[in-house]
Amino acid sequence: MAVLPKHRGQGIGTLLLNEMIRKAKDSGFISLSFSVDPNNPALRLYERCGFVKVGIDGTSWDMMATLDKK
């Protein structure tokens, strides 16, 4: 997922991530994971959405969120 620089800071990334989480829940997934550079400013967004660091792979952090059934 990426948001062009001129469109950042407008809530687009939050909307995209929340929709991705909703679709995953609706599809029966119990968790989501990805890798992110720890210097990526979007890291705070991921943490706000429930993702936590579960490992390190090279220079990237592995992040995971457990999806509740709400």
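Positions are given from 1 along the sequence.
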Undergrad: What closest approach, in Å, do Ser60 and Pro38 show between heavy atoms, and which atom pair accounts for it?
TA: CA-CD, 4.3 Å
Undergrad: Applying side-chain contact (heavy atoms from CB on, under 4.5 Å), can you list everything that pairs with Met64, at least two apart in sequence or on another chain?
TA: Ser31, Ser33, Val54, Thr66
Undergrad: Could you give all pairs that pass the salt bridge (Lys or Arg N to Asp or Glu O under 4.0 Å) test and reach residues 30-50, with sequence neighbours left out?
TA: none
Undergrad: Same cluster or not: are Leu32 and Met1 linked, directly or through other Ile, Leu, Val, Met, Phe, Trp or Tyr residues, by side-chain heavy atoms under 4.5 angstrom apart?
TA: yes
Undergrad: Write down the atom of Leu17, the atom of Cys49, and the distance for their closest heavy-atom approach.
TA: CD2-SG, 3.6 Å
Undergrad: Should Val52 and Phe29 be regarded as members of a common hydrophobic cluster, given that ILVMFWY residues are connected when their side-chain heavy atoms come within less than 4.5 Å of each other, either directly or indirectly?
TA: no
Undergrad: If every non-hydrogen atom of Gln10 is compared with every non-hydrogen atom of His7, which pair is closest and at what distance?
TA: NE2-CA, 3.3 Å
Undergrad: Measuring from atom CD1 of Ile21 to atom CG of Leu67, what distance do you get when rounded to the nearest 0.5 angstrom?
TA: 7.0 Å
Undergrad: Under a 4.5 Å side-chain heavy-atom rule over Ile, Leu, Val, Met, Phe, Trp and Tyr, are Ile12 and Leu43 clustered together?
TA: yes
Undergrad: To the nearest 0.5 Å, how far apart are CG in Asn18 and CZ in Arg22?
TA: 10.5 Å
Undergrad: What orientation do Tyr46 and Phe51 show, parallel under 30°, tilted 30 to 60°, or perpendicular over 60°?
TA: perpendicular
Undergrad: Please find the pair of heavy atoms, one from Arg8 and one from Val3, that lie closest to each other, and give the distance.
TA: NE-O, 2.7 Å
